[in-house]
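All residue numbers refer to positions in the sequence shown, counting from 1. Side chains are part of it too, since the values below use all heavy atoms of this structure and drop only hydrogens, waters and symmetry mates.
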Amino acid sequence: MQAHRRHVRYFVMMSVCIGLFVMAWGVVRFYSVGAAIGMCVVAMVIPPVAAVLANSRDRDDDWWNDPRWDDPGWDQQGHDRDAPDHEERPRP
């Protein structure tokens, strides 16, 4: 769920960025070129901020605590990478 939230946050920020560019040069420039340039400067800052926020770790993320990292046979041929050795495999 955290990834979905980050994707939505990124999409919203990038939509605002594109909206600022379109509004600045489609509408606002007819009234004030300075305001249009200011809107573009603000829109220019949004993509790096959106990328940082979209790639930041949430409090609930536990990707760094993956038990497969401690698996000694990870690189051996025929080893099941989806079921590490120290996890109990379901019985068929």
Side-chain angles (χ1 to χ4, degrees):
M1 189 62 177
Q2 295 89 7
H4 176 71
R5 219 176 332 169
R6 285 193 302 263
H7 290 163
V8 169
R9 196 180 316 155
Y10 182 80
F11 178 75
V12 168
M13 291 182 77
M14 294 307 290
S15 298
V16 168
C17 175
I18 292 172
L20 281 172
F21 274 121
V22 169
M23 291 298 292
W25 296 112
V27 177
V28 176
R29 74 179 167 108
F30 296 122
Y31 301 102
S32 173
V33 173
I37 292 172
M39 289 172 69
C40 285
V41 169
V42 170
M44 181 180 66
V45 173
I46 291 175
V49 172
V52 168
L53 291 178
N55 290 315
S56 65
R57 180 176 61 88
D58 287 339
R59 282 182 239 124
D60 300 335
D61 283 345
D62 60 351
W63 56 265
W64 70 92
N65 198 18
D66 191 351
R68 291 177 289 187
W69 290 2
D70 298 329
D71 192 358
W74 180 256
D75 293 328
Q76 294 175 0
Q77 186 175 3
H79 184 70
D80 186 6
R81 292 183 174 213
D82 293 328
D85 289 338
H86 64 279
E87 288 184 2
E88 188 173 321
R89 294 188 178 137
R91 306 277 178 194

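Partner of Leu20 under the side chain to side chain contact (heavy atoms under 4.5 Å, CB included) criterion, out of Val22, Ile18, Val16: Val16 alone.
Heavy-atom minimum distance, Cys17 versus Ala43: SG-O, 3.2 Å. Shown here for Val28 and Ala36, the closest heavy-atom pair between the two residues is CG1-N, 3.9 Å. Listed here is the closest heavy atom pair of Ala51 and Tyr10: N-CE1, 4.0 Å. In this structure, Ala50 and Met14 approach most closely via the heavy-atom pair CB-SD, 4.1 Å.
Listed by chain and number, the residues in a side chain to side chain contact (heavy atoms under 4.5 Å, CB included) with Val49 are Met13, Val45, Leu53 (sequence neighbours excluded). Remark: Val33 engages Ile37 in a side chain to side chain contact (heavy atoms under 4.5 Å, CB included) (not counting sequence neighbours). With sequence neighbours left out, the side chain to side chain contact (heavy atoms under 4.5 Å, CB included) criterion links Phe11 to Ser15.
Note: the hydrophobic cluster containing Tyr31 also contains Val42 (ILVMFWY, side chain heavy atoms under 4.5 Å, direct or indirect links). Neither Ile46 nor Phe21 shares a network with the other; the hydrophobic side chains, linked directly or stepwise wherever heavy atoms of I, L, V, M, F, W or Y lie under 4.5 Å apart, form separate groups for each.
Here the CE atom belonging to Met23 is positioned 12.0 Å from the SG atom belonging to Cys40, to the nearest 0.5 angstrom.
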